[in-house]
Each structure stands twice: as structure tokens, then as C-alpha cells.
Amino acid sequence: MNEKAFLIDVDLFKETIRLILKSEKGRVFRLFDKNFKPYFYFKGEIENLKERGVFEKTEKLLGFNKIDVWKVFFKNPQELKRERSFFESKGTVFEADIPFIYRYLIDKKLTPTGMVEVEYEGNEVKEIKTIEDETAFNPNILCFDIETYNEKGTSNPSKDPCLMISYAGRVKGKKIEGVLTYKNFKKDFVTVFENEKQMIEGFAELLKKNKIDIIAGYYSDVFDLPYLAERSKVLGVKTPFGRDKSKIKLSKGVKKTAKITGRVHVDVFKVISFLNAIGSVKLHRLTLENASTELVGFKKKMIIKKNIFELWNETDDTLVEYCLDDSKACLELLDFVMPLEVELSKISGTLLFDASRNAASNFVESILMRESFEKNTLIPPIPKDESFKERYSNPIQGAFVKMPNPGIYENIAVLDFKSLYPSIIISYNIDPSTLNLECEDFFISPQGHKFCKTKKGLIPTALENLVNARNKFKKEMKKFELETFEYKSLFARQWALKIIANAVYGYMVYPRSRFYCRECGESITAIARKSISEAMSLAEKNGFTVLYVDTDSLFLKFNQGEESKVEEFRKLVNKTLPEKMELELEDFYERGIFVSKKQGVAGAKKKYALINKKGVVKIRGFELVRRDWSKIARETQRKVLETLLKKGDLNEAVAEVKRTIKLLKEEKAELQDLEIHSTITKSLKNYEVLSPEVSAALKAEKKGLKIEPGSSVGFIITKKGKSISEKAELSEFAKDYDADYYINNQVLPAVLKILGELGIKKEDLLNDSKQKTFGDWN
DNA sequence: CACTGTGGCCGTGGTC
DNA sequence: GACCACGGCCAC
């Protein structure tokens with residue numbers, strides 16, 4: 001048999017590679033590749049080792065040097081693992097730390113979630129290869145959410161029942177949605193079972209009947225699936241969730257994941273946190289409500305979590321409606337991230353299950369491992385703990401940031417180097433293998449590290465492929481309308497490529513990297529510092545004032561109406577740069593504000609506000625972009641900044657602040673506007689100082705709430721207590737607020753930094769009497 | 001295991 | 001009151 005199919009998943013079944021495939025017509029089938037055996041490379045004498053494996057002589061590259069090695073095959077991954085240390089005592093072992101499934105994907109050059117052509121007999125693979133095919137991957141998808149009984153605060157899966165399971169998805173392109181429960185809700189989307197056990201079995205049946213390929217939840221790795229797994233165990237649920245009749249498989253260890261064989265489980269929360277961490281999306285809180293509102297404009301029904309058990313005992317339909325909305329919100333988010341995840345999986349060669357849980361480093365690592373295989377180069381090992389510690393304790397010097405002079409300026413041009421670090425890596429061929437290589441022609445970095453020019457390194461090659469592909473897709477993208485399928489899929493491709501390309505530099509200096517190269521990292525940043533400072537000097541020579549510089553961007557003050565001179569300068573810089581490096585114009589701004597640091601008169605770095613000719617405001621670093629400031633302080637600061645930038649009206653700005661202070665004083669402010677957000681990053685007992693958020697969290701734990709490391713809390717400074725920490729209470733428990741704190745520690749510091757530049761004093765803002773006139777500042 | 005890097009600001013609580 | 005460490009979040 002010969003068939004074209006999507007490679008949905010690969011796993012191990014009794015030590016054999018098992019492939020889950022979906023044909024173009026939608027038939028899902030599994031195949032085994034029994035002929036593929038695990039192996040590693042060995043450099044050393046094998047005279048006394050003949051019994052310990054199957055040996056094959058082969059040639060590999062170590063950097064650019066050819067070496068003869070033995071390829072040693074084993075019956076299964078366990079045997080390889082057992083034998084590894086023995087071989088290590090007899091010589092050098094290479095590539096023994098590559099997971100078997102990835103060994104298979106790399107060697108067969110397979111791209112998960114992409115199309116393959118497979119020849120098979122019975123259920124055994126004869127031959128398999130990746131093929132280029134533009135057919136869209138249309139899996140059957142289902143998002144789900146559960147509600148659990150929680151009379152004692154947090155639900156306990158060994159005692160508290162699961163009350164309902166909602167779902168929303170698409171099967172063969174058709175929408176499905178509903179709620180499974182065992183109480184007599186009268187809504188038409190509800191299916192009522194006799195009891196909890198039958199409800200869970202009904203859900204498993206639903207997955208089977210609809211041939212679900214992708215199952216998704218929000219926080220489902222940590223909450224929903226472990227909960228269902230435990231309830232299934234307690235109740236003796238027989239119906240399997242997996243396509244091979246298996247149960248939900250939970251990972252041990254710290255990083256919790258839940259697997260369902262034959263279906264790819266995506267925890268949308270993990271995807272959203274990843275996108276938030278790398279700055280692809282910007283969310284203040286990662287809750288389902290916030291993510292769905294901010295990212296896809298879906299406002300779901302809200303209830304207070306602690307009241308779920310009360311709602312269950314009510315007679316109305318609030319709880320089922322709420323539960324269904326959670327699944328619908330999850331589906332909206334899944335639709336938003338799925339095209340990207342599919343591309344990340346295809347481009348990096350990682351399974352969709354892994355891709356949706358990966359950090360940026362995993363994508364880069366996977367690409368570089370595949371590139372190594374392509375070039376017949378040995379893949380470096382994951383560093384041992386000592387070398388990790390050594391690397392970790394020796395950070396490299398980073399970027400240059402110029403201190404601005406505080407003040408308000410007009411006519412500002414912002415220029416920046418396009419993809420600075422990637423373009424340096426490619427232009428200067430920066431790679432561990434080109435470093436200090438015997439070579440005719442080389443480039444010497446500012447620190448004196450030599451990089452060969454003539455032999456192209458692995459990382460520059462892989463990076464250039466990524467950059468070229470991205471440029472190609474970006475170009476093609478412009479041919480299509482925004483809402484078309486083509487546009488969306490090209491957008492996802494270039495987005496995935498951008499994410500990976502941007503992480504390559506970081507991966508080279510990441511202490512746990514296989515391809516770590518300190519000299520490479522410090523050369524890249526040194527070249528970057530040199531490039532920007534040369535551009536600065538040239539700017540000054542050409543009559544511009546350099547207002548500010550950060551890493552790759554240049555803020556120039558130019559004379560009214562002389563935009564063309566900026567353009568001339570830009571071209572002049574580009575002439576001095578290597579081909580792949582480019583200084584671009586970001587925008588011209590009419591006005592901009594820089595402020596001084598809190599302490600002293602020095603200008604604050606990484607804090608500025610700009611307004612362009614269309615009136616679009618760009619604000620960086622100010623309190624108003626920080627989630628650990630209250631909304632009332634942030635919004636007041638925003639109004640002050642925008643009033644100054646747009647209208648130049650100081651009196652209006654002052655009046656705005658006075659209004660806010662009055663509101664606070666009269667205690668008419670909304671508590672939700674006073675909430676301060678912060679992340680509890682570690683176990684509460686491990687904190688050395690009792691900060692307000694930790695203090696509030698500790699008090700909440702005494703009231704029965706559980707606060708896990710990594711969770712975000714919102715707190716309010718109340719009236720009760722002496723220190724700020726004593727006054728801090730989580731929002732759900734706060735009844736009042738300390739007006740003085742919000743005036744003196746939130747609103748005033750936020751606005752005074754800006755208004756202070758214009759001569760306004762604290763007293764001018766606090767003084768309730770008739771307002772002085774400050775006059776226009778420009 | 002932990003989840004790309006360095007540069008930077010600043011509130012809070014602690015020390016003296 | 002001066003000073004500093006801790007810790008969080010942000011710019012790039």
C-alpha cells in the first residue's frame with residue numbers, strides 16, 4: 001500500500017516506533033516501523049566490545065574535521081541507556097542523549113503535522129518520506145472544560161465529584177458544542193446522564209464517535225485531565241480516552257503533562273504563556289477570561305470561582321452556561337494559535353504535542369540538530385551540570401544603552417537595525433565551528449575572536465534559511481487579502497519563523513544549550529555595540545543630536561522639515577554595513593518625552609513616550625505599561641502623557657491628576673481600579689522578605705485559598721495595618737482601601753516624573769485650592 | 001532539570 | 001535617614 005497522509009503523532013509502543021496518520025480523506029490509522037533501531041556513535045577501540053552491540057564503521061564530521069567512528073546499534077532505547085556509561089568508560093560517545101522518537105524523525109527527515117508519503121504492508125512501514133503538499137490540515141478538534149465540586153475551597157479529585165464537562169469543537173468542519181452533566185438542567189445543549197461515572201464515559205464516547213484528533217483545554221495539563229483521570233480511577237470508568245483503548249497518561253515530575261494516545265492534547269494555557277513570555281502577545285493576566293477577551297475579543301460569562309458548588313445547588317442554568325462558555329472561549333483561542341503551532345511543529349520538526357509545550361530554545365535546538373544531521377555533523381551533547389554552572393556563573397556583556405537627557409523634544413526620527421543579532425550572526429559567520437578554525441580568510445571580532453569567512457557555519461546556515469524563508473512568505477503574504485486562508489497560513493509561517501530566528505542568539509548563550517558558544521555570544525554583542533556606536537558618531541557628524549540609543553535603535557533629533565536628511569544619513573550608514581545588515585527607519589515622531597530617574601537628575605533608560613504625525617502614541621517602560629501598578633495610577637499617567645503629547649496642555653494634565661486625587665480622597669474609587677497584580681514565583685515559605693503580594697497571599701492561604709508558584713495575584717492596599725505589607729489583601733478579601741497610599745505611592749509618583757520635567761511640584765497637585773495657570777510649555 | 005540572553009528601573013522592607 | 005538586597009517586570 002502506498003498512501004499520502006498527515007503525520008499527526010509518533011510514539012513508542014513496546015519499544016517500537018508507532019506512527020499515527022490521517023489520510024487526506026480523513027481515515028486515521030497507525031503504522032509501526034520495526035526496522036528502526038536506536039544507536040549512538042562511538043570513538044574508541046572495540047576489540048573487547050563486540051558482544052555489546054551491532055557495530056558499523058562510519059565517517060562523521062566534528063565541526064569541519066572528518067573522524068572515523070563506530071555506529072553502535074541496540075535492540076531498544078533501554079539497552080542503549082544501559083550501555084552508554086560502559087562505552088563512555090572505553091572511549092567517546094556521541095549522540096547518545098537524543099530521544100528515540102526524535103532520532104527517528106531526524107534520520108527519516110520527517111516533519112510532524114506535515115504530509116508524508118508512506119508505503120506499508122499490513123501495519124508495517126516499508127518506506128516513509130516527507131512530501132511538499134499544500135493541502136490544509138483539517139483535524140477534528142474539541143475543546144473541553146470541567147466544573148468540580150468545591151465546598152472546601154479548592155476541589156480534591158479523590159473526594160469531590162466532577163459536576164459537568166462542556167465541549168466546543170469542529171468535526172469535519174462542522175461546529176459541535178454542548179455540556180454533559182447528571183443534574184436535570186433544561187437547556188437544549190445539555191445531555192443529562194444518570195451519574196458522574198456515566199458522564200465521564202459519555203465524554204470518552206464523544207471523543208471516539210467524533211474521531212477527535214486534537215483535544216484542547218485551558219490549563220488542562222494541570223487541572224482538567226488529571227482531575228478526570230483521578231475521578232475515572234475512583235469511579236472505575238472503563239471507557240478509554242485513547243485511540244488505542246488506553247487511559248489518560250499523566251507525566252510524573254514537576255512539569256505536568258497529560259497525554260491521550262492517538263489524539264494530540266494541546267493545553268492552550270501553555271501556548272498562551274509561551275507567546276506571552278516571548279512577547280508575541282502582551283497579557284497582564286493569563287486567565288482564560290483575560291486571554292479570550294484580549295486576544296480574540298470573546299467575552300465569556302463570568303462567575304466567582306468559589307461559588308461553583310453553590311451554583312450547582314441552584315435551580316437556574318448559570319453554571320452550565322458558564323461552563324459551555326469556557327469551552328467556546330478555549331476554541332476561539334485554539335483557532336487563534338493553532339496555525340502558528342502547526343507551523344512551529346513543521347518548521348522545527350517537533351511533534352505538535354511537544355511544540356505546543358516547548359520553550360523557544362527547544363525549537364532552535366531541534367532545527368540545529370536536523371541541520372547537523374543534514375551536514376553529517378555530530379550533534380553536541382546537552383551540557384553536564386558542572387559545565388552548566390560554569391556557563392551560568394559567567395554571563396557575557398550585553399547591549400549598549402545611552403542615557404537620555406530628560407525633557408520634551410520635537411522632531412524625532414527613530415531608526416533601527418533590522419534583526420540586528422541574526423544579521424550579525426549571518427554576516428560574520430559566527431558559529432562554534434568557525435571559531436578559531438584553520439582558515440585563509442577570517443574576521444576578527446572586537447575581542448579578538450577569529451571567525452573563518454570561507455567555510456559556512458551550521459548556525460549561520462540554518463539561520464539564513466529561516467530568514468530567507470520568512471522574507472519569501474512575507475512577500476507572498478502581501479498578495480492576499482487579510483481574511484483569506486492563504487494570508488492566514490502565510491502569516492502563521494512567517495510568524496513561526498520569526499519566533500525561531502529571534503531565539504537563535506539567545507540559544508547560543510543559553511547555559512543549557514547543546515550549541516553553547518561564549519565567544520560567539522560576546523562577539524555578537526560586541527559587534528552590535530560597535531555598529532550602533534559607529535552609527536551614533538556618524539549621526540553627530542551629520543548634525544543630528546542623538547537623543548537616545550538602546551541596543552539596535554537610534555533616536556535622532558532633526559530640524560523641522562528635514563526628514564530627507566535623515567533618509568540620506570540612513571543610506572550613508574547602510575553603505576558601511578555588510579549586505580545582510582540594514583538600518584531601517586522606524587518612524588518620524590512629532591514629539592517625545594524622556595524623564596529622569598526617580599533618584600537624582602540622570603535620565604532614565606528604557607522609559608519614553610513618543611507621538612507620530614498620525615497621533616499614534618508609543619509608550620515604553622512607564623508605569624502605565626506595567627501590570628504591577630494599579631489601574632488608577634496607570635490610567636492617570638496615560639492621560640497626563642497623552643494630554644501633553646497631543647495637546648501640549650499642561651493645565652489639563654494637572655486638572656486630570658487633581659480629579660483622580662479627589663476621587664481617591666473621597667473614597668469613591670472602584671476597588672478593581674486599585675488592584676495591583678504580581679506573580680508569586682516561588683513557594684511562599686521561600687521568600688526572604690515579606691513583600692505586599694507575599695503577605696497578602698499568606699493571609700489568603702490562611703483563609704483556605706491555595707496559591708501555587710507561578711500564579712498571578714491581585715491585591716489591594718487596605719486601611720488595616722501599619723506597613724504596606726500588613727495592609728495588603730488579595731482583591732477577593734479587600735473591603736476598603738487606603739487613600740493615602742494610592743495618592744502618595746501610586747498616582748503621584750507615576751505622574752510627577754513627567755510633570756516634574758515641566759516644573760510642577762507635588763504641592764501643586766495636592767493643593768485643592770484654585771488652580772494656578774501654568775501656561776503652555778511649548 | 002527548566003523553559004533564549006543582558007541591561008535597567010524601582011518599590012518595599014530590611015540593615016545600620 | 002541613608003543605604004542596600006530582594007524581587008518583579010519591562011526594553012530590546
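Quick note on labels: first sequence line is chain A, next is B, and so on, each numbered from 1.
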In this structure, which one of A:Lys598, A:Lys607, A:Arg634 forms a salt bridge (Lys or Arg N to Asp or Glu O under 4.0 Å) with A:Glu623? A:Lys607

Output yes when A:Arg620 and A:Asp550 qualify as a salt bridge under the 4.0 Å nitrogen-oxygen rule, no when they do not. no

Sidechain-backbone polar pair: A:Gln637 side chain, A:Phe622 backbone, donor-acceptor under 3.5 Å: no

Near A:Lys762 NZ, under 6.0 Å, is it more than 12 heavy atoms from other residues, nucleotides or ligands? no

Length of the CG-C1' vector between A:Leu752 and B:dC10, whole Å: 15 Å

Which letters describe nucleotides 11-16 of chain B, given B = protein heavy atom under 4.0 Å from base, S = only from sugar-phosphate, - = neither? SSS---

Under 4.0 Å from any atom of DNA chain C, heavy atoms only: list the residues of residues 492-512 of chain A that qualify, in numerical order. none

Counting only heavy atoms not in A:Lys259, do more than 12 fall under 6.0 Å of its NZ? no

How far, in whole Å, is B:dC3 from C:dC12 if one measures between their P atoms? 24 Å

Considering every strand and a 4.0 Å limit on heavy-atom distances, what is the contact class for A:Tyr421: base, sugar-phosphate, or nothing? nothing

Report the distance from atom OH of A:Tyr687 to atom C1' of C:dA5, rounded to the nearest whole Å. 15 Å

Under 4.0 Å between any heavy atoms, over every strand shown, what does A:Lys682 touch: base, sugar-phosphate, or nothing? Just pick one. sugar-phosphate

Any salt bridge (Lys or Arg N to Asp or Glu O under 4.0 Å) involving residues 266-284 of chain A? Give me the pairs, sequence neighbours left out, ordered by first then second residue. A:Asp221-A:Lys270

Hey, are A:Lys685 and A:Ser683 close enough side-chain-wise for a donor-acceptor pair under 3.5 Å? yes

Whole Å only: how far is the CD1 atom of A:Ile532 from the C1' atom of B:dG7? 15 Å

Sorted by position of nearest nucleotide on DNA chain B, 5' first, the leading residue of A:Val401 and A:Ala360 is A:Ala360

Taking only residues two or more places apart in sequence or in another chain, which ones pass side-chain hydrogen bond (donor to acceptor under 3.5 Å, both in side chains) with A:Arg627? A:Thr679, A:Ser712

With side-chain hydrogen bond (donor to acceptor under 3.5 Å, both in side chains) as the test, pick out the partner of A:Ser630 among A:Gln746, A:Glu635, A:Gln672. A:Gln746

Under-3.5 Å N/O pairs linking protein and nucleotides 9-12 of chain C:
unit_1 : atom_1 : unit_2   : atom_2 : d
C:dC9  : OP1    : A:Arg627 : NE     : 3.2
C:dC9  : OP1    : A:Arg627 : NH2    : 2.3
C:dC9  : OP1    : A:Thr679 : N      : 3.0
C:dC9  : OP1    : A:Thr679 : OG1    : 2.9
C:dC9  : OP2    : A:Thr679 : OG1    : 3.2
C:dC9  : O4'    : A:Arg626 : NH2    : 3.2
C:dC9  : O2     : A:Arg626 : NH1    : 3.2
C:dC9  : O2     : A:Arg626 : NH2    : 3.4
C:dC10 : OP1    : A:Val625 : O      : 3.3
C:dC10 : OP1    : A:Arg627 : N      : 3.2
C:dA11 : OP1    : A:Gly621 : N      : 2.9
C:dA11 : N3     : A:Lys606 : NZ     : 3.2
C:dC12 : OP1    : A:Tyr608 : OH     : 2.7
C:dC12 : OP2    : A:Arg620 : NE     : 3.3
C:dC12 : O3'    : A:Asp552 : OD1    : 2.3
C:dC12 : O3'    : A:Asp552 : OD2    : 3.4

Between B:dT6 atom C1' and A:Ile527 atom CD1, what is the distance in whole Å? 17 Å

Please say whether more than 12 non-hydrogen atoms of neighbouring residues, nucleotides or ligands are located less than 6.0 Å from NZ in A:Lys631. no

note: A:Asp221, atom CG; B:dC3, atom P; distance rounded to Å ~ 18 Å

Separation of B:dC1 atom C1' from A:Arg357 atom CZ, nearest Å, is 18 Å

Measure the distance from CG on A:Asn394 to C1' on B:dT6 and round it to the nearest whole Å. 14 Å

Quick one: ring pair (Phe, Tyr, Trp, His ring centres under 6.0 Å) partners of A:Phe40, sequence neighbours excluded? A:Phe74, A:Phe87

Counting only heavy atoms not in A:Lys346, do more than 12 fall under 6.0 Å of its NZ? yes

Nearest-Å distance for atom pair CG/C1', residues A:Asn362 and B:dC1: 12 Å

